[in-house]
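Everything numeric in this text was worked out from a predicted model, so none of it was measured. In the text below, chain A, chain B and the rest are named by the order of the sequence lines, each starting its count at 1.
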Amino acid sequence: MIDFHQRVETKWQERWEREGTFRAPDLPEGPRFYCLEMLPYPSGRIHMGHVRNYSIGDVVARFRRRRGFTVMHPIGWDALGLPAENAALERGAHPADWTNRNIEHMRRQLRRLGFSYDWDREFATCDPAYYRWNQWFFLKMRERGLAYRKNGPVNWCPRCETVLANEQVEAGHCWRCEAVVISRDLPQWFLRITDYADELLEAMEEMPGWPHKVLLLQRNWIGRSEGAEIRFSIPELGGDGEVPVFTTRVDTIYGATALVLAPEHPAARALADRAPEVAEFIAVAMSKRAAAAHPGGEETGKTGVDTGFRAVNPFSGEEIPVFVGDYVLMEYGTGAVMAVPAHDERDYEFAKKYGIPIRPVVIPNDPEAPRAEDGAFFEYGTVVDSGSFSGLPTEEAKTAMAEHARAGGYGGPKIAWRFRDWGISRQRYWGTPIPMIHCRDCGEVPVPEKDLPVELPRDVEITGMGGSALSKIDSWNRVDCPVCGAGARRETDTMDTFVDSSWYFYRYLDPRNDQAPFDAEKARAWFPIDLYIGGVEHAILHLIYCRFWTRVMRDLGLVANDEPVVRQLSQGMVIKDGAKMSKSKGNVVDPDAVVERHGADAIRLYVLFESPPEKEMDWTDARLAGPARYLGRLDRRIPGDAEWLAGTSLPTGEEIFEPSDLALRRKTHQTIRRVTRDLEQRLHPNTAIAAIMELTSAVSQRLPEAASDGSRRAVREAVEAVVSLLNPMAPHLTEELWERLGGERMLVHSPWPEYDEEIARDEQVLVVLQVNGKLRGRLEAPAGLEGGALVALARANPGIRRHLEGLTVRRVVTVPDRLVNFVAS
RNA sequence: GCCGGAGUGGCGGAAUGGCAGACGCACGGGACUCAAAAUCCCGCGGCCCUUGGGGCCGUGAGGGUUCGACCCCCUCCUCCGGCACCA
């Protein structure tokens, strides 16, 4: 048996490869389907998450091909990234060699699982032929002002004197030397993704093919917030002395009893020059912030300092104290807030601590609503004690007051975003070099397009200490300035690997193009992607970045579509014993071992059958037995009858059928309908497989050769349907059985079975009989029976008669072909 | 804290207003076998009644809408995920 599945699976894999069965044309004719799964990081071995992800994608790709679509189903490698450098550190392997070895191994693993990829389109993102286009895009973005350099915080290990990735910071300490990690500002490159915030958010209204959950996560991440900007003035500051604040509750402005600045705020620094205690507070706050900048940093309680200066509320003319407070974030809004303790929880906490007055200016509409003794109340209500605005409900007051500020020239409506620009600089070796040159005289100079790609030097020493490895390679680092020719230095930062994965799916269409990232005509022909499958963990970053990148490409005239993906499926994690599989927990199941023992079809069928794709799936060895047994059963039974089955044709409808033949045919056509819908619309292979198993049981009982021609043909039809429908899930065994059943072409080239509504229709239906909604009987009735005839039959039912005894029927609810419910008392 | 999602037999799940538990695992019984494995057949939510058969309860808890609720609405509990001083 073990030998058998290995022989069969190898046989078909070799044939598919020899014949180029899954090769996709550059330009499709007729209906096309782009089926994509997230490309793997070549970490060393395929894991169960991959098996699940790629099995689901493969079912769809194979199903669509047989439905007559020209299918694009590619695969590649997300090959740049930190683990390769760690391998270099740990075992001295060069990142490139380590990566390539892993790719080779994992490619073999994927082939063994029988996925229907067009391997001719495979590429790895670490190939300079690919990442040169990352560089090209970067230059294009810079030309358009979409890439810029500014200071940004990084995790810094003072002992190793190097930047750490977030994953290298463990509970606030360096993963290698355990020194306390601090936050440090370095000049870094950013992409202006916030320019697209509005567009990215709005487009989500029209993305019905994306999971609700993913859209929500992205909406929260973008964090659009409508409010107002109001300029307070600090007369003693001199100049215009104005400090804008952002608020979503302008309606509470008459209750503002302080102005609070972020420690990094320029006005705070200006005040610090004149007040030493402010300077001291800022220094302390900044160092605390640095320590808390990483995961695991402790939450600090709100602290602040009264600067002694006063600000003027432009609405009331009132003077209020100016504080510097560490609960105000420089990155959000304007970096300054008006503190309204009576109507904001954070301000309330801060005010309690520093004795700032609490002045209610909004009262609840419901007098019973709970409210603190001092009037603190954080919901919407009615504005009071607020000049001419008193008496307005919150909503109206917000609009009126924002307008008032605009008319008065000290503010107006404003939208704030939580979304930040995308920092892409990484102080690492194994990434795409950022194609910039720093010249003493000319400043930032882009590498001329003709000099792309800027290739990573092969000779590198990775120590993990003393700054980025690239910065230490002088021969690579020193260049002549492309503008003035003087000696200059290369940018030594490399790009975030999320850049690589933001557009790779376009490259599959044209993987060897050396004139452009891809041919625009091919992109027009294949895009958008019809289905994109990957783990939920990419719901935010990757799936926003790639939407952004597509829009940039659109603006560059490269693509015609706004969105890259029509339908997205976020598949659940594979866990074991209730926890994510990991080496440290010792609960890793190696797919290779399972394939070795049970075959690729069995592992595929198991992961598909175990639970619906979007749900988490708990791997249980014992449960593999079910699907594996099922395949064994098919494999044992069908060949025994293959000879006569192969010699029997499908029914034409002219034959004489026994009732049992008609029942079997009905089941067959119902199953085709069910499986087609499950795979096409619901993307639920689990229920599709269950339906095929049912049909298998039904036909098994009929398998020994029957006497009548009608019976034989009905059986032939059912067996053929089982094999044909199961094919996307278990492609090897079904191909083998198909051949034995006398299939002329390979199953992958045979059309998906069609069902006939007439044949699928039930003639007899089971009607449920209820009294007062309780099940009291069942009735086999001819389909389509309704009204009086149905009720009469129902009344005759013994169970119904018994339960209606002594009761008066008030009403009868009938649903034809489903139920009759007597409402009686 | 805020925003989501999910709670169904011993287990994975099915049914998304109309027979709750399809399909599968595990388990029990039987057949085959000297025996075991494999395979095949039957049974399998709980409680109760004297059987055929029937009754009652049952989809996290409580309430509501409906002729009828796992499904829709409200309140609560538990678990999981995301964000986390976002003004």
Please give, in whole Å, the distance from [N] [atom2] to [X] [atom1]?
{"X": "A:N220", "N": "B:G1", "atom1": "CG", "atom2": "C1'", "answer": "14 Å"}
{"X": "A:I415", "N": "B:A87", "atom1": "CD1", "atom2": "P", "answer": "13 Å"}
{"X": "A:E264", "N": "B:C85", "atom1": "CD", "atom2": "C1'", "answer": "13 Å"}
{"X": "A:F419", "N": "B:C83", "atom1": "CZ", "atom2": "P", "answer": "14 Å"}
{"X": "A:M693", "N": "B:A14", "atom1": "CE", "atom2": "P", "answer": "14 Å"}
{"X": "A:Q764", "N": "B:C19", "atom1": "CD", "atom2": "P", "answer": "19 Å"}
{"X": "A:D326", "N": "B:A84", "atom1": "CG", "atom2": "C1'", "answer": "16 Å"}

Write down the distance separating the [atom1] atoms in [N] and [M], rounded off to the nearest Å.
{"N": "B:C76", "M": "B:G7", "atom1": "C1'", "result": "14 Å"}
{"N": "B:C3", "M": "B:A22", "atom1": "C1'", "result": "35 Å"}
{"N": "B:C11", "M": "B:U66", "atom1": "C1'", "result": "35 Å"}
{"N": "B:A20", "M": "B:A69", "atom1": "P", "result": "11 Å"}

Tell me what [X] touches on the nucleic acid: a base, only sugar-phosphate, or nothing, going by heavy atoms under 4.0 Å.
{"X": "A:V823", "answer": "sugar-phosphate"}
{"X": "A:V328", "answer": "base"}
{"X": "A:L819", "answer": "base"}

query = Which residue, A:L679, A:I692, A:D678, forms the side-chain contact (heavy atoms from CB on, under 4.5 Å) with A:T687?
reply =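 The option that passes is A:D678.
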
Can you figure out which of [options] approaches the side chain of [X] most closely?
{"X": "A:R811", "options": "B:G24, B:C67, B:A87", "value": "B:C67"}
{"X": "A:P612", "options": "B:A87, B:G12, B:A14", "value": "B:A14"}
{"X": "A:H212", "options": "B:G5, B:C85, B:G13", "value": "B:G5"}
{"X": "A:R418", "options": "B:A87, B:C83, B:C23", "value": "B:C83"}
{"X": "A:R674", "options": "B:G4, B:G12, B:A15", "value": "B:A15"}

inquiry  = Less than 4.0 angstrom from a charged side-chain N to a carboxylate O is my criterion; do A:K667 and A:E694 meet it?
reply    =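 Judged by the 4.0 Å cut-off on N to carboxylate O distance, A:K667 and A:E694 do form a salt bridge.
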
task = Hunt down any stem RNA chain B takes part in, defined as 3 or more consecutive Watson-Crick or G-U pairs whose two distances are each under 3.5 Å.
result =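 RNA chain B stems, ordered by first number: B:1-7 with B:77-83, B:10-12 with B:23-25, B:27-31 with B:39-43, B:45-49 with B:53-57, B:60-64 with B:72-76.
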
request  = Specify the glycosidic conformation (syn or anti) of B:G43, with syn defined as within 90° of 0.
outcome  =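 The base of B:G43 is oriented anti (glycosidic angle more than 90° from 0).
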
query = Would you call the rings of A:F350 and A:Y327 parallel, tilted or perpendicular, where under 30° means parallel and over 60° means perpendicular?
reply =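 Rings of A:F350 and A:Y327: tilted, 30 to 60°.
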
task = Fit a plane to each ring of A:H538 and A:F498, take the angle between them on a 0 to 90° scale, and name the class: parallel (under 30°), tilted (30 to 60°) or perpendicular (over 60°).
result =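 Rings of A:H538 and A:F498: perpendicular, as their planes differ by over 60°.
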
inquiry  = By nearest heavy atom, map A:G335 and A:L217 onto RNA chain B; which one lands nearer the 5' end?
reply    =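 Whichever sits nearer the 5' end wins; that is A:L217.
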
Nearest-nucleotide comparison on RNA chain B, the residue closer to the 5′ end among A:M617 and A:A622 =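 The answer here is A:M617.
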
According to a strict under-4.0 Å criterion, is [X] in side-chain N/O contact with OP1 or OP2 of [N]?
{"X": "A:R778", "N": "B:C19", "value": "no"}
{"X": "A:T620", "N": "B:C11", "value": "no"}
{"X": "A:K615", "N": "B:G13", "value": "yes"}

request  = Report, as a single string ordered 5' to 3', how protein heavy atoms within less than 4.0 Å touch nucleotides 36-56 of chain B: B base, S sugar-phosphate only, - not at all.
outcome  = ---SS-------------SSS

inquiry  = Quiz question: by atom type and distance under 3.5 Å, do the side chains of A:E614 and A:H684 form a donor-acceptor pair?
reply    =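 A pair is found: one side chain offers a donor N or O, the other an acceptor, under 3.5 Å apart.
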
key: Pair A:T671, A:R666: side-chain N/O donor-acceptor within cut-off below 3.5 Å   =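 No donor-acceptor contact under 3.5 Å links the two side chains.
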
query = Going by number, which of residues 675-689 of chain A have a non-hydrogen atom under 4.0 Å from RNA chain B?
reply =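 Per residue number, the list reads A:R682, A:N686, A:T687.
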
query = Hey, does the side-chain of A:Q770 have a donor or acceptor N/O within less than 3.5 Å of a partner on the base of B:G18?
reply =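 Indeed there is one.
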
task = Could you tell me whether the side chain of A:R623 has a donor or acceptor atom within less than 3.5 Å of a complementary atom in the base of B:C11?
result =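 Between B:C11 and A:R623, which were checked side chain against base, a qualifying N/O pair under 3.5 Å is present.
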
query = For A:E226, does the CD atom sit with more than 12 other heavy atoms under 6.0 Å from it, leaving out its own atoms?
reply =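 No, because the 6.0 Å sphere around CD of A:E226 holds 12 heavy atoms or fewer from other groups.
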
